[in-house]
K.L.:
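Dumping the structure here so I can ask a few things about it.
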Amino acid sequence: MRLRNKPWAEDFIAAHPHIVIPNPEDYKGKWGELFQNDKPLHIEVGTGKGQFVTGMAKANPDINYMGIELYDSVIVSALENALEAGTLPNLKLLKVNGAHLAKFFEKNDVSRVYLNFSDPWPKTRHEKRRLSHGNFLKLYESILVDNGEVHFKTDNRGLFEFSLMSMSAYGMLLKYVSLDLHANMPEDNIMTEYEEKFSAKGQPIYRLESQFLTKKAD
Ligand SMILES: C[S@@+](CC[C@H](N)C(=O)[O-])C[C@H]1O[C@@H](n2cnc3c(N)ncnc32)[C@H](O)[C@@H]1O
């Protein structure tokens, strides 16, 4: 059943606490207890309707996935996608602001961060809201394992260039950069909703993989 009536979203979400975690602060430092295993945890910040995390969870049962989304009205669609996909014990959703990740995760909780088609916030005065701004990178570093990675896809050239510069200025290693992912699409690429929409229009998809480097002691 597809829910169109968004006022129902809150109740629908609350009825599925095994997928949309109602008390994420309880698992800080011990997410393995929730998943009942010690597999690595990969999170997507700004998961939208969750097509990517659901597809990744199906394709990679040895990794735990968590889709993080700000809005009830959007995460309800991710929940519907997760339910339609059937039993995926390695998939959870969190309805929280990505700016507050440190409330729910601590160092070594997360092995990889995905940022897919993040809002570009094109005005310079809003650049701190971009999910690849240095302040967000610092936050990701504080919850990732040593040498943890950030994987990023976008259709937006301005955001892509900003993110390359931001990650490079932060001292991250740029491991992979593509200016047209679909020209030579990796077999294991899982498309997001936005990726499908923009690539269908013939727009190039930019992608990068970057890695935090362990800081040497002085
Ligand atoms: C443009 S959509 C992309 C959705 C999906 N990742 C995709 O590629 O199809 C960006 C999503 O990020 C969410 N978002 C933006 N800022 C966020 C934040 N600070 N924390 C969590 N989600 C956020 C928005 O609500 C929106 O659903």
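We count ligands from 1, going down the list as the structure has it; atoms in each ligand are counted the same way. Computation of the quantities below employed the complete heavy-atom set of this structure, encompassing side-chain atoms and omitting hydrogens, waters and symmetry-equivalent molecules.
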K.L.:
Does the side chain of N184 come under 3.5 Å of the side chain of S178 through a donor N or O and an acceptor N or O?
P.N.:
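No, S178 and N184 have no side-chain donor paired with an acceptor closer than 3.5 Å.
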K.L.:
Enumerate the residue pairs fulfilling salt bridge (Lys or Arg N to Asp or Glu O under 4.0 Å) with a member in residues 14-33, sequence neighbours excluded, ordered by first and then second residue.
P.N.:
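For residues 14-33, and leaving out neighbouring residues, there are no salt bridge (Lys or Arg N to Asp or Glu O under 4.0 Å) pairs at all.
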K.L.:
Show every donor-acceptor pair shorter than 3.5 Å between a side-chain atom in residues 42-50 and any protein atom, with sequence neighbours excluded, or say none if there are none.
P.N.:
from	atom 1	to	atom 2	distance (Å)
E44	OE1	T47	OG1	2.6
E44	OE2	N116	ND2	2.9

K.L.:
Mind listing the N or O contacts between ligand 1 and protein, cut-off under 3.5 Å?
P.N.:
from	atom 1	to	atom 2	distance (Å)
ligand 1	6 (N)	E44	OE2	3.1
ligand 1	6 (N)	G46	O	2.8
ligand 1	6 (N)	N116	O	3.0
ligand 1	8 (O)	N116	O	3.3
ligand 1	8 (O)	T192	OG1	2.7
ligand 1	9 (O)	T192	OG1	3.3
ligand 1	9 (O)	E193	N	3.3
ligand 1	9 (O)	E193	OE1	3.0
ligand 1	9 (O)	Y194	N	3.0
ligand 1	19 (N)	N97	OD1	2.9
ligand 1	20 (N)	G98	N	2.8
ligand 1	22 (N)	L70	N	3.3
ligand 1	25 (O)	E69	OE2	2.6
ligand 1	27 (O)	E69	OE1	2.7
ligand 1	27 (O)	E69	OE2	3.3

K.L.:
Enumerate the salt bridge (Lys or Arg N to Asp or Glu O under 4.0 Å) contacts for residues 139-158, please, sequence neighbours excluded, ordered by first and then second residue.
P.N.:
K107-D146, R112-E149, E141-K215, E149-K175, K153-E195, R157-E161
K.L.:
Centre of W121's six-membered ring, under 6.0 Å away, within 45 degrees of the axis: is that where NZ or CZ of R130 sits?
P.N.:
no
K.L.:
If we ignore hydrogens and angles and just use 3.5 Å, is the side chain of H133 paired with the main-chain N or O of N135 as donor and acceptor?
P.N.:
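Here the side-chain-to-backbone pair exists.
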